[in-house]
Amino acid sequence: MPSVYIKTYGCQMNERDSEAVAAQLLAKGYSLAASEHVADVVLLNTCSVRDNAEQKAINKMENIAGDIRKNRPGVVLGFLGCMAQSRGKELIDRLPDVDLVIGTQKFHRTAEYLDEILKGKRDKIVDTAEEQGSEGTIREHLLNGNATKSVTAFVSIMQGCNQYCTFCIVPYTRGEERSRSIEDIVAECRQLVGQGVKEITLLGQIVTSYGRRGDVWTAAASEARRRFSTDNAADTKAPSPLRSAGALQKTPFVQLIEAVHEIEGLERIRFTSPHPKGYGDDLVEAYGRLPKLVEHGHLPVQSGSDRVLKLMHRGYTRARFLEIIGKLRAVRPGIGITSDIIVGFPGETEEDFKQTLSLVDEVEFDNAYLFKYSPRKDTPAAAMLDQLPEELIEERHARLLDRVNEIGRRKYEAFIGRQVQILVEGPSKKNEARVMGHTRCNKIVLFDGSERHRGQIMDVRVTRTGSFTLYGDPAIVNL
Ligand code: 5AD
């Protein structure tokens, strides 16, 4: 059977999709190749969120086509995922060596399409169609294929996005929001926990919108209507259980977390990525009530200026964002808060940018990922007239990065001498003598350890810090 090499660009959702494709191919008898140089099939799972992510994947494929195809003409080359979805056949027109282009709703067809190409039944395949039910197809894991067992796992709970932020390509590459059922997700989580998984990260483009469309929300809403039939007048668009008084005051997302929380043997629940507007009081309250829900929130703020937030179509103000952070810190004082920020959105003035700097000072994020604005195909912001010059974006990015790093350094140094609880995930990638785990507040901790620590929840005393990394003292590990 052929061997396959899958390279992934972009977010954790893409990582998870690649894992599901790899598991699917292993089940069909493929083996996983260590590099593109020895593989019979090379698949690049792509990202479209910024232009440089697309360029990286295109350059990589050009190199592979140039190098590898020359010596081994039978190698099958394919693009998967977001860029495959948004560019489709255009990718083959541009890179004629590419045989296969599979969009974001068709990952589960990879084995079938490869089979057709390898058997010579079809020459080129492009499939970027929508598929009903595709949100339920990312479910296979690699846990059993690995010699060593994973103690953390990612579970896809939904696909797509309906937020339409003006800068963002995701609604066009991932499609409309579609959610899996709570029962389906819980069954997958249960199975993972049965295989030794201790921490689960619930994944989706906007997890806080889980179940707001389709069956999950509708079921909750009709139950709410049945009980409190007079209360829905305010919302004409979607029936909202939240607006109904009484028992059903929880969003489907919080209901899902509660259901996963009940799984015995599961120690930690994370989720990514949420939308700040999804942090209603029910979710804040869940942090205070559900001990397996870790003290970490990734809240992408994008900008500190109300004017820019509005142009971005974010659906919250600076004041509302700060209010949410305040509430989260009130229920979980040590909570780690991270964020995403875009620098240089069209029309961003020095005054707007200063608002972002001051928000960063005010919140003191544990870390924030900074992105230079990149115009994306078909998005409203790409057509805005006042695009900023690259040098200005560079300059603002550098100023903001200094601020974020300085605050991060202070926050990490404050951990020195403290005891933190970590879940040991396995050896550090850079140094085999060290093991790596995350604190509940999502900070990486390294200490001198071995395979026997894997999967253990342990208390480690922090002795020193590196860049967004904590180091623990192995001497105190077993106290
Ligand atoms: N340009 C720059 N950054 C972007 N992001 C999304 N779209 C763009 C864009 N067009 C960033 C946002 C988002 C993160 C995943 O990527 O900050 O939260």
Side-chain angles (χ1 to χ4, degrees), residues 8-17 45-57 81-83 85-87 104 154 158-174 201 203-209 271-279 296-305 308-309 311-316 318 321 324 337-348 352-353 355-356 359-360 363 365-384 386-390 392-394 396-398 400-401 404 442:
T8 310
Y9 297 84
C11 63
Q12 285 153 319
M13 276 70 84
N14 291 6
E15 297 277 351
R16 177 71 194 97
D17 296 338
N45 191 9
T46 56
C47 169
S48 275
V49 79
R50 285 170 295 277
D51 187 55
N52 56 8
E54 290 204 350
Q55 292 315 320
K56 264 193 225 160
C82 287
M83 182 173 68
Q85 184 70 40
S86 86
R87 296 199 180 206
T104 53
F154 293 85
M158 65 184 301
Q159 290 284 331
C161 180
N162 287 55
Q163 179 65 24
Y164 291 93
C165 297
T166 54
F167 53 79
C168 190
I169 198 169
V170 168
Y172 314 98
T173 60
R174 289 284 179 169
T201 304
L203 278 184
Q205 274 75 41
I206 297 196
V207 285
T208 41
S209 298
F271 53 79
T272 203
S273 51
H275 190 290
K277 73 174 191 177
Y279 278 83
H296 173 233
H298 180 72
L299 285 87
V301 68
Q302 313 298 0
S303 170
S305 151
V308 173
L309 287 172
L311 288 172
M312 288 176 161
H313 194 232
R314 289 295 290 172
Y316 53 85
R318 174 193 178 96
F321 185 83
I324 295 164
I337 305 277
T338 54
S339 196
D340 293 344
I341 300 173
I342 295 178
V343 182
F345 184 81
E348 182 190 76
D352 292 321
F353 178 64
Q355 292 280 310
T356 300
L359 180 112
V360 163
V363 175
F365 293 112
D366 293 79
N367 197 0
Y369 302 93
L370 310 184
F371 303 105
K372 296 171 202 157
Y373 171 71
S374 165
R376 309 310 300 131
K377 194 174 113 185
D378 298 331
T379 59
M384 290 179 184
D386 34 8
Q387 306 284 321
L388 300 194
E390 229 175 284
L392 184 58
I393 298 182
E394 291 282 348
R396 285 182 185 167
H397 179 267
L400 189 57
L401 189 61
V404 165
N442 210 33

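All residue numbers refer to positions in the sequence shown, counting from 1. Atoms within each ligand, like the ligands themselves, are counted from 1 in listed order. Since this is a predicted model, take the numbers as computed values, not measurements.
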Of all residues at least two apart in sequence or in a different chain, which pass the side chain to side chain donor-acceptor pair (under 3.5 Å) check with Ser86? none

Output block, N or O contacts of ligand 1, threshold 3.5 Å exclusive:
from: ligand 1; atom 1: 1 (N); to: Ser374; atom 2: N; distance (Å): 3.0
from: ligand 1; atom 1: 10 (N); to: Phe167; atom 2: O; distance (Å): 3.0
from: ligand 1; atom 1: 10 (N); to: Ser374; atom 2: O; distance (Å): 2.7
from: ligand 1; atom 1: 16 (O); to: Arg50; atom 2: NH1; distance (Å): 2.9
from: ligand 1; atom 1: 17 (O); to: Gln302; atom 2: OE1; distance (Å): 2.6
from: ligand 1; atom 1: 17 (O); to: Gln302; atom 2: NE2; distance (Å): 3.4
from: ligand 1; atom 1: 18 (O); to: Gln302; atom 2: NE2; distance (Å): 2.9
from: ligand 1; atom 1: 18 (O); to: Asp340; atom 2: OD2; distance (Å): 2.7

Any side-chain heavy atom of Phe345 within less than 4.5 Å of one from Asp352? no

Looking at Tyr164, I want to see if its OH is surrounded by more than 12 non-hydrogen atoms of other residues, nucleotides or ligands under 6.0 Å. yes

Would a 4.5 Å heavy-atom cut-off, applied to side chains only, mark Ser303 and Ile342 as touching? no

Any residue meeting salt bridge (Lys or Arg N to Asp or Glu O under 4.0 Å) with Arg174, in chain and number order, not counting sequence neighbours: Asp17

For Phe371, ring-ring contact (aromatic ring centres under 6.0 Å, His included) partners two or more places apart: none

